[in-house]
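What follows is a single structure, written as C-alpha cells, with notes after it.
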Protein chains: 2
Amino acid sequence: MPAPTKRPSYHHGDLTTALVREGVAMARDGGPGAVVLREATRRAGVSPNAAYRHFADRDQLLGAVRVEAEQALAQAMQAEVEAVEAGTRGSPAELAAARLRATGAGYLRFARSEPGLFRTVFAEGAHRTAPGAVAPSESVASAPLRVLSTVVAEGTAAGLLPPIQDGDVDVVAWSAVHGLASLILDGPLGGLPDDATDRVANLLLAVVVTGLAHLPR
Amino acid sequence: MPAPTKRPSYHHGDLTTALVREGVAMARDGGPGAVVLREATRRAGVSPNAAYRHFADRDQLLGAVRVEAEQALAQAMQAEVEAVEAGTRGSPAELAAARLRATGAGYLRFARSEPGLFRTVFAEGAHRTAPGAVAPSESVASAPLRVLSTVVAEGTAAGLLPPIQDGDVDVVAWSAVHGLASLILDGPLGGLPDDATDRVANLLLAVVVTGLAHLPR
DNA sequence: AGATGATGTTCACAGTGTCCACATGACATC
DNA sequence: GATGTCATGTGGACACTGTGAACATCATCT
C-alpha cells in the first residue's frame, strides 16, 4: 500500500477551491496562457485527472480563475473610489468627478500591477456564456461594471454627467480606460512609465467627462 | 528514393513567406492561439523542423504573422478614411470630423469582421521588441498609428482638434475605440449587434471630439 | 454490514514545440 | 567539370500538454 505521505485522507477536502487558488497564482504571473491544468493538480498534490471531477475541461477551470480575477479588479476599483471620501472637499459634482477619476485610476493601477490577472479577465473566449448558464442579459453584470455603474449614477445625479441612454455613459467611460490599459499592456504603448500613464489617463478622463457634459443635445 | 510527388525541387523556394501566409490563414480563423507551427509546415508541405531554418521559434513566426495582421488593420482604416472623400461636403472641420469618425469606424469594422487577425495584432507578448531590433522610440510607429496620426493632424490643422501635447490626441482617440473593440470581442459587451456597435462608436467619438474641443485650457 | 455515489488514480493516446544528427542540393572555386 | 561548403529540408526523439476509459478508495445512507 502506498503510504499516504501527503494527505491524511484519500480525498483532498476541497480540491475545487484549491485548483482555483493555484490557477489564480499561475495566472498572476503568466496570464491566462499560464493556467495549465496539470500544473494546478501538481501543486495541489493530486493526479492530473482529479481535476476532471470538478471541471469539465481546462476552459472551465480558466473560467473560474477568470471570475476571481474579475473580482480582484472590481475590488481594486472600489478601494480607489473609497479612498476619495477622505478629502471631502468641493461640490457634489466635484466629488463625483473625483470618484469617477478614481474608478479609472483603480482600473489602470490594477492592470499595471497585476497584468496577468488583468489579461485573464479578458482572455479570449473566457467571456463566452457557458452553454448551460442562463442568458445574462444584464442580470448578472460583472462586478467591475457594477462599481462603475454606481459611480456613474452618482455623477448623473450630481449633474456632472448627462442623463442620456442608460448604460451608454458606462460603456463610453469603460471603453476609454480599458483601451488605454490594453494598449499599455499588449499594445504599442508598451512600457509607458507610470507618470506618463497617469498623465494620459487623466487627460482621457477629462476628455470623456467634458465631452459627455458638452454633448450636442 | 522517395518520389518528389509534390515539390519539383528538394527546396521549397520561399518557405518563409509560405509559412507566414499559412500562419495568417490560421490566425484569421482562430486567433493567435491557432497559429501552430507544425500545422503551418504541414500546409506548406514540409517537415515540422523546416520552420526552424526561418524562424527561431513559434513566437517569431507569430510575430511575423502579427505584422501582416497589423498592416491589414491599417489598410482597413485607410480604406474607410478614403471612402469619405467621395461626398465632399461641408467645412474643412466637418470633413476632418468625418474622416476621424471613419478611422474609428474602419478600426471597429476590422475588429468585428476579422476578429482573429485583430486579436493577433494585440496578442500577448507579440509587441515585445525583438531583442535584436532597434529601440523603436517613435521611429517605427505601427501602421495603424500612422493612419490615425495623419487624420488627427488634419483635424488639428482644420481647427477641429486642439493643439495639445503632440501625440496625446492620438492616444486618447485610439484608446477609446480600441477599448470598445476589445470589450466587444473579449469583454462583457459580447455579441453586440452591429447597429448597436455603430451607435455606441459614434457616441464615443462624438464624446471624444467634443471633449477635446472643450478641454479646460 | 453492505450498497452506492463521489472523488482520486492509472494507463493510454494524440498533439504540440523544440533539439540533434543527418541528407540534400545550389553554388563557388580550383 | 570535379569538389567543397553552406543553406535548407528530413527523421527521430523528448518533454510537455489536455483528455478519455477503466479501476480504486472512501464517506455516507439504509
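Naming convention: chains lettered A, B, ... in sequence-line order (proteins, then strands); numbering from 1 in each chain. Quick note: numbers below take in every heavy atom, side chains included, and nothing from hydrogens, waters or symmetry partners.
At the phosphate of dG8(C), OP1 or OP2 sits under 4.0 Å from a side-chain N or O atom of His54(A).
Summary of the strand contacts: Asn49(B) and Asn49(A) both lie near DNA chain D, and taking for each the nucleotide with the nearest heavy atom, the more 5' one is attributed to Asn49(B).
Of the residues in residues 31-41 of chain B, those lying under 4.0 Å from DNA chain C by heavy-atom distance are Val36(B), Leu37(B), Arg38(B). Near DNA chain D, meaning a heavy atom under 4.0 Å from it, residues 20-27 of chain A has no residue at all.
Among pairs with a residue in residues 22-35 of chain A, those fulfilling side chain to side chain donor-acceptor pair (under 3.5 Å) read Arg28(A)-Glu114(A), at least two apart in sequence or across chains. Among residues at least two apart or in separate chains, salt bridge (charged side-chain N to carboxylate O under 4.0 Å, His left out) pairs with a member in residues 32-55 of chain A are Glu39(A)-Arg42(A), Glu39(A)-Arg43(A).
Rounded to an integer number of Å, the gap from Leu15(A) CG to dC26(D) P is 16 Å. Whole-Å rounding puts the Asp14(A) CG to dA27(D) C1' distance at 16 Å. What separates CG of Leu19(A) from C1' of dT7(C) is a distance of 12 Å, to the nearest Å. The interatomic distance linking Arg42(A) (CZ) with dT10(C) (C1') rounds to 16 Å, in whole Å. Atom pair Tyr52(B):OH and dA7(D):P shows a separation of 20 Å (rounding to whole Å applied). Atoms CZ (Phe55(A)) and P (dG20(D)) sit 16 Å apart, rounded to a whole Å.
A donor-acceptor pair under 3.5 Å links the side-chain atoms of Asp57(A) to the main chain of Gln60(A), judged by distance alone. No donor-acceptor distance shorter than 3.5 angstrom exists from the side chain of Arg21(A) to the backbone of Thr16(A), with no hydrogens or angles considered.
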Counting only pairs under 3.5 Å, give me each side-chain donor-acceptor contact of residues 97-107 of chain B, with atom names and distances, residues two or more places apart or in other chains.
unit_1: Arg99(B); atom_1: NH1; unit_2: Glu154(B); atom_2: OE1; d: 2.3
unit_1: Arg99(B); atom_1: NH1; unit_2: Glu154(B); atom_2: OE2; d: 2.7
unit_1: Arg99(B); atom_1: NH2; unit_2: Glu85(B); atom_2: OE2; d: 3.2
unit_1: Thr103(B); atom_1: OG1; unit_2: Arg99(B); atom_2: O; d: 2.8
unit_1: Tyr107(B); atom_1: OH; unit_2: Trp174(B); atom_2: NE1; d: 2.9
unit_1: Tyr107(B); atom_1: OH; unit_2: His178(B); atom_2: ND1; d: 2.8

Kindly list each side-chain donor-acceptor pair under 3.5 angstrom involving residues 187-198 of chain B, sequence neighbours excluded, with atom names and distances?
unit_1: Asp194(B); atom_1: OD1; unit_2: Arg112(B); atom_2: NH1; d: 2.2
unit_1: Asp194(B); atom_1: OD2; unit_2: Arg112(B); atom_2: NH1; d: 3.4
unit_1: Thr197(B); atom_1: OG1; unit_2: Pro193(B); atom_2: O; d: 3.0

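Taking CG of Leu108(A) as the reference point, atom CZ of Phe118(A) lies at 8.0 Å (rounded to 0.5 Å).
Nearest approach of Leu37(B) to Leu61(B), heavy atoms of both residues: CA-CD2, 4.4 Å.
With dT18(C), dT10(D), dT9(C) as the choices, the nucleotide that has an atom nearest any side-chain atom of Arg58(B) turns out to be dT18(C). Nearest to the side chain of Arg53(A), among dG20(D), dT10(D), dT9(C), sits dT9(C).
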As a quick check of understanding, evaluate side-chain hydrogen bond (donor to acceptor under 3.5 Å, both in side chains) for Gln78(B) and Glu82(B), giving each step before the final call. CA-CA 6 Å; Gln78(B) 185 71 40; Glu82(B) 280 166 8; 2.9 Å; yes

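No N or O donor and acceptor, one from the side chain of Asp59(A) and one from the base of dG18(D), sit under 3.5 Å apart.
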